[in-house]
Amino acid sequence: MKLDLRSLYRTEWRRLYRTVTFRLALAQSVIFIIFAGALLLVVYFTTAGQLTSEADRAAEAEYQALSQIYSEGGQQRLNEELIDRIAAGGQALYVLAAQNGEVISGSFEDLPLQPTAEPRRVTFEFDGEIDGKKVDKSGRGYIGRLLGGQILLVARDMGDAKAIVGRISSSVWTGAVLGLLFSLFAGYSAARQAAKRVDALSKTARDVMAGDLSRRAELRGLGDEFDGLAQDLNAMLARIQKLVVA
């Protein structure tokens, strides 16, 4: 019995798949997924991409400004400036370290990464806290060596940006999946209804060919193309019956 039901379901699905209605629904679903993917890319580049670009520009500009402070006032003046900026709070991250990498002052107890010969943009992970819970965070900024060999890191905490992008992306994909399922269900339902109407018309034609000239196609009163076809078929059958009886 199970095998018969499986075979019946396969046959039903094959029959529905051959219908124009179901294929149109599938095409619509594919278009919907492509649209959702394109929307996700737009969301990413207008949120994460924009936030990353702004963070890069701000970090580089601030690095240059702090380097100038170091050139004019030395390590002590720069250290005081970093302490003031860290105390002000916000998403900014700062580290001033000695030549050997030992942290002098800053947002971290240990330098999260080592500089190269030339100042460069960097992305790094670090341990953070949200509502008392330890979480993995991401930082993005600029790191390099000052004239005296000390290491300066200026960065931004990208945690909020990642969270925003994650929530938006999740919403877009959830909507896309729900839209896809709805499209497939709507296509399946429409294809089943169309298949039933076609089967009814076919049965009428078979009954007439079997000799029942009084047989007529059912009208649903919907005024759709199937009702129009049924009316034409009934008019033809009535004409044939009249000619045969005469």
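None of the values given here were measured: they were computed from a predicted structure.
- The nearest pair of heavy atoms linking Ala55 to Met158 is CB-SD, 3.9 Å.
- Expressed to the nearest 0.5 Å, how far CD of Gln231 lies from CG of Leu229 amounts to 10.0 Å.
- Glu72 and Gln68 form a side-chain donor-acceptor contact under 3.5 Å, judged by distance and modelled atom types alone.
- Grouped by direct or indirect side-chain proximity (heavy atoms under 4.5 Å, Ile/Leu/Val/Met/Phe/Trp/Tyr only), Leu113 sits with Leu93, Val95, Val103, Phe108, Leu111, Val122, Phe124, Phe126, Ile143, Ile151, Leu153.
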* Taking it one step at a time, do Glu118 and Arg145 satisfy side-chain contact (heavy atoms from CB on, under 4.5 Å)? -> CA-CA 8 Å; Glu118 296 295 329; Arg145 287 187 179 274; over 6 Å; no
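- Both Val208 and Met236 belong to a common hydrophobic cluster when Ile, Leu, Val, Met, Phe, Trp and Tyr are linked at side-chain heavy-atom distances under 4.5 angstrom.
- No path of Ile, Leu, Val, Met, Phe, Trp and Tyr side chains, each step under 4.5 Å between heavy atoms, connects Ile83 with Val154, placing them in separate hydrophobic clusters.
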* Asked: Stepwise, does the side-chain contact (heavy atoms from CB on, under 4.5 Å) test hold for Thr204 with Arg216?
  -> CA-CA 6 Å; Thr204 299; Arg216 296 293 182 269; 5.7 Å; no
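- Smallest separation of non-hydrogen atoms from Ser107 and Ala92: OG-O, 4.3 Å.
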* Could you give me the CA-CA distance, side-chain angles and deciding distance for Lys137 and Asp127, then say whether salt bridge (charged side-chain N to carboxylate O under 4.0 Å, His left out) is met? => CA-CA 6 Å; Lys137 286 193 168 187; Asp127 296 330; over 6 Å; no
* Asked: Can Leu78 and Leu146 be said to form a side-chain contact (heavy atoms from CB on, under 4.5 Å), step by step?
  -> CA-CA 11 Å; Leu78 176 59; Leu146 302 172; 3.5 Å; yes
* Please report the C-alpha distance between Arg85 and Leu66 in whole Å, then the side-chain angles of each, then the deciding distance to 0.1 Å, and finally whether the side-chain contact (heavy atoms from CB on, under 4.5 Å) criterion is met. => CA-CA 11 Å; Arg85 295 193 182 197; Leu66 291 172; 3.8 Å; yes
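- No side-chain heavy atom of Ile104 sits less than 4.5 Å from a side-chain heavy atom of Leu82.
- Smallest separation of non-hydrogen atoms from Tyr63 and Pro119: OH-CG, 4.1 Å.
- If you take OH on Tyr142 and CZ on Arg121, they are separated by 7.0 Å, rounding to the nearest 0.5 Å.
- In this structure Tyr94 satisfies the side chain to side chain donor-acceptor pair (under 3.5 Å) test together with Glu62, sequence neighbours excluded.
- Residue pairs meeting the salt bridge (Lys or Arg N to Asp or Glu O under 4.0 Å) criterion with at least one member in residues 93-116: none, sequence neighbours excluded.
- Considering all non-hydrogen atoms of both residues, Ala59 and Gly141 come closest at CB-CA, 3.7 Å.
- Asn79 places no side-chain N or O within 3.5 Å of a backbone atom of Gln75 that could act as its donor or acceptor partner.
- Considering OG of Ser105 and CD of Glu81, their distance stands at 11.0 Å, rounded to 0.5 Å.
- Note on Leu147 and Leu96: same hydrophobic cluster, where clusters join Ile, Leu, Val, Met, Phe, Trp and Tyr whose side-chain heavy atoms are under 4.5 Å apart, directly or indirectly.
- Side-chain contact annotation: Tyr70 with Gln150, donor-acceptor N/O pair under 3.5 Å present.
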